[in-house]
Chemist: 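Shown below is the structure under consideration.
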Amino acid sequence: MTEVEFRDVTRRYAGGVTALNGLNLTVAEGEFLILVGPSGCGKSTALRLLAGLDKPTSGEIRIGGAVVNNLAPGERDIAMVFQNYALYPHMSVYRNLAYGLRQRRTPRAEVDRRVRETAELLQITELLDRKPGQLSGGQRQRVAMGRALVRKPQAFLLDEPLSNLDAKLRNQVRGDLKRLHREVPVTSIYVTHDQVEAMTLGDRLCVMAGGEVQQIGTTDDIYNRPANTFVAAFMGSPPMNLIPGVIRSGLLHVGETEVTAVPSPDGPVTVGVRPEHLQLHPSYTDGMVPARVDFIEPLGSHVLVTAQVEVDGGRVPVIVNAPAGTELASGARIGLALPQERTYFFDAETGDARRTRERVSLGHA
Amino acid sequence: MTTPQLSTLTAEPEAQEPPAPISERRSRLRLPFSPWHLVLIPLSFLLVVPLLWMLVTSLETEGEANRFPPVLIPESPRFENYSEAWAAAPFGHFFLNSVMVTLVVLVSNLIVCSLAGYAFARVRFLGRGALFVTLMATLMVPFQVTMIPVFLIVKWFGDNVWAGLGIDHIGALMLPNLATAFGIFFLRQFFQTVPVELEEAARVDGTSRLGVLFKIVLPLSLPALSTLAALTVLTSWNDFLWPLIVITSHDQMTVPLGLSYFQGAHRVKWPLLMAANVMSLLPMLLVFVGAQRYFVQSVANTGLKG
Amino acid sequence: MPALLDRVGRSETLSGWTLVSPAAVLIGIFGLLPVVMSLVLSFQHSDLLTPETPWVGLDNYRKLAEDPVFVEAIKHTIVYTALFVPGTMLVGLFVASAMNRSVRFISVYRTTAYITMAVSTISQGIIFLWLTDRDYGLVNAALNSAGVQSQPFLASPTQALYVIVAMTIWGWTGFSVIVYLAALQGVPAELHEAAAIDGATAFTRFRTITVPLLGPANLFLVVWLTINALQLFDEVYATTRGGPLRATTVIVYYLWDRAFVQFDAGYAAAMAYALFVVILLITAVQFRIARKHAHIS
């Protein structure tokens, strides 16, 4: 019953800035949904609107089916974990956890039970008498989570809760979060700019940019069937290569080279291939995209080769994964073969995916 | 659906306005302005009403002032009160003296406290710690403890060095205030925040110690110097007790003291007295409004660091 | 000694002392020397004019303990301080809370709160003498229209001190508002948001989140305002000259009177030292209380 819904929600500011433009999103009961995108994409705005810390210019926000636009944050039965934790510095951890319950006039015995239960769950029972100032970053983060959990809310809102932790701790807490959600499956909306967090944690992802939704889907959807060049390039590290080209008479041309036949209408296109799918050949043959090695970066498990490809009007860098031990001289000419089923075609102007799946028949000379 | 170019992926459209604070979000009444104005306007008015009333009275005639209930708006503003007040006491002298004293004290403090503050902040010299603590200890001593001996000291200067520094001369107002421990403390704190690397780079380039202070550190310390200047000007100008002790001749009086003398001489001529009051207040009010943020910052910072 | 100098750096020490010497000399002469002189003076009998200052030992202090005017002055000072300090803090907090928002013209409103800081003590006194004038004052006019009889205010031995309290609260409001405004703005907005999400109303948030976090500001104001209150002089001189009937004679006023009007400098020095010790004690006690309080909460 605790479904969260954004119906055509817009937030515009005086001065003309549109932080959020017509967001339509339904988060299913118990789902862990991630809002991901670069700074300024509107994800935090959406979260704050949901929390009631800000008011939408238009549109409806529903929690559990009920419209909450006019409800104060405290009336929406949601809990939030802030990026900087926002723990009450003058109160002990116990009182921090108990605060929300006390505001709702929960009887003292019940408060005590729930606080200790939550502390147990997050392994912070020894910290109950300490103040936030005496805790480490990781401990504070757990207290912030605890403060949200103890309320047993209808929905969890998490605003980049891991961004202030060091890398090692972040990985650990990511695992903790996944386990926690399994044990306590509350509808959760999580905001992050980190695509690794997004892909590993989310049941579904909502990729955003410029105040608008770019794509909603599972990690698999987003990664393997990107809806446009933004999503394609944003998710994945190193990002997907985007190479401008033209289809003429059914043949793909990159720069001056005729590459291969493509069953797609004529016109300018953006070709997308991920580094791990692009096939590197030490010498060029027909049907490949010719390139010139720029530099190589050995990573131990494989080697990242950055090469320059000639296109109409200049050159673009292309990154391709090569097996460990590959050695190539700077300036060497290589061939890059486009894989079947893993080459994406996007409209050169709008960036939208031309077709969600393209079968490319590669004609080998 | 438009897709932003790759170059705009890193663009951050800053929200023009912070999200509305929780308390202001839901006003059922659609007023064209925030309801808080209805509280702030009367409150502000109440705070400045003494000053406003002073202004109003300064433009009234004696007859209007001596009416009860009081006249709220004078029939025709009597600006002559001001010229009469000016003529009734040597205000020219008062202002001149205040300006000279304040100027000398200001310049002296800025120079002396900068030198000392820099030394305490950056120069490792023998006895630095002990000297600093000793000087700062003087901040704990209230003026009443030192005022009597300082009177005697100043008297000694007047008798033995130069009369202009002695009792009943404005030099006596300047002398004890040429350097304050507060100024040293304040500037030292600030100088310590200037990155040492800048000074070291200059030293490597051959600049002398003093050169580093004047060419590198001081130009970077303008906010702190401005703040110290604002505070020094205000305290010096408004100082009353010390001038009261030292000065008796009218031509050596500073503005507050002169005003007090004026008050004694024209006790019940309220419009005249108020005109004199307005004239005396105006310089500092203008300085305050102009340098407001320095005052606010200085008080706020001392208050927060406790 | 030469080894020590070498370790610290001879040129550093030289430049250090050169830079510091003007300040050290000035503060030494006008800040440190007087402290010693005052102590010595308090054991003497001096009239500031004749060079002969006979030693009288603890006589001045003994006289002080038995001086009825001094005792009265202490009483007045205590009453004044006990009203002024909390009064200024409450008014300051109230005004700062009102001004802690970002509506249009807020900087103008805030300036009206700050501006009392720029008004000299004499000016304050003159304005309030006029405001509270028994016959023609604005305050009495307002009271009359509300049906209350005109009050003598500063002319009354029973009311004068309280009027001075009100007057000095007005004068110090600017200072208090600056401190509280900075403290209020130092409370991160996120804390308010978290509390709102936890279900706390605006008033509860103020009570449970904002006010406790004002601790450092409160301590600073209590100490600073108390020290200043104990040294009250200018405003008394500007209005009542210690009267009527000594009703507003506070310690420093009596001190000044004895030193520079009665020319009994030794006695005044003893009084000044007594005041000094009291100020130190009170400040120390306040800090002790604050530290204990911080541990408990």
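The sequence lines fix the lettering, A, B, ..., with proteins before strands; numbering per chain opens at 1. In this text, all values refer to a predicted model and were calculated from it rather than measured experimentally.
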Chemist: Which region of C:M271, side chain (C-beta onward) or backbone (N, CA, C, O), has a non-hydrogen atom less than 4.5 Å from a non-hydrogen atom of chain B, or is it both or neither?
Modeler: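 Answer is neither: C:M271 stays 4.5 Å or more from chain B.
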
Chemist: Evaluate the side-chain proximity of C:I279 to B:P142: yes if any heavy-atom separation is below 4.5 Å, no if none is.
Modeler: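 Yes, at least one pair of side-chain atoms sits under 4.5 Å.
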
Chemist: Can you tell me which portion of B:L244 sits under 4.5 Å from chain C's heavy atoms? Options are side chain, backbone, both or neither.
Modeler: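 Contact with chain C involves the side chain of B:L244 alone.
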
Chemist: What part of C:L129 is in contact with chain B, defined as an atom under 4.5 angstrom from a non-hydrogen atom: side chain, backbone, both or neither?
Modeler: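 Looking at C:L129, backbone and side chain both touch chain B.
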
Chemist: Can you tell me which portion of C:W130 sits under 4.5 Å from chain B's heavy atoms? Options are side chain, backbone, both or neither.
Modeler: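 Both backbone and side chain of C:W130 come within 4.5 Å of chain B.
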
Chemist: For C:V36, which atoms come within 4.5 Å of any heavy atom of chain B: side chain, backbone, both, or neither?
Modeler: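 Neither part; nothing is under 4.5 Å.
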
Chemist: Identify which part of C:F276 has an atom lying under 4.5 Å from any heavy atom of chain B, answering side chain, backbone, both or neither.
Modeler: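 Both parts, backbone and side chain.
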
Chemist: Can you say whether B:F45 sits under 4.5 Å from chain C via the side chain, the backbone, both, or neither, judging by heavy atoms?
Modeler: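 Answer is neither: B:F45 stays 4.5 Å or more from chain C.
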
Chemist: Could you label the plane-to-plane angle of the C:Y114 and B:F288 rings as parallel, tilted or perpendicular, counting under 30° as parallel and over 60° as perpendicular?
Modeler: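 Plane angle over 60°, so perpendicular.
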
Chemist: Of the backbone (N, CA, C, O) and the side chain (C-beta and beyond), which part of C:L181 lies under 4.5 Å from a heavy atom of chain B, both, or neither?
Modeler: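 Contact with chain B is absent: no heavy atom of C:L181 under 4.5 Å.
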
Chemist: Which answer fits C:L26, side chain, backbone, both or neither, if we ask what part of it has an atom under 4.5 Å from a heavy atom of chain B?
Modeler: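 Side chain only.
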
Chemist: Evaluate the side-chain proximity of B:W36 to C:I106: yes if any heavy-atom separation is below 4.5 Å, no if none is.
Modeler: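 No. Closest side-chain heavy atoms not under 4.5 Å.
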
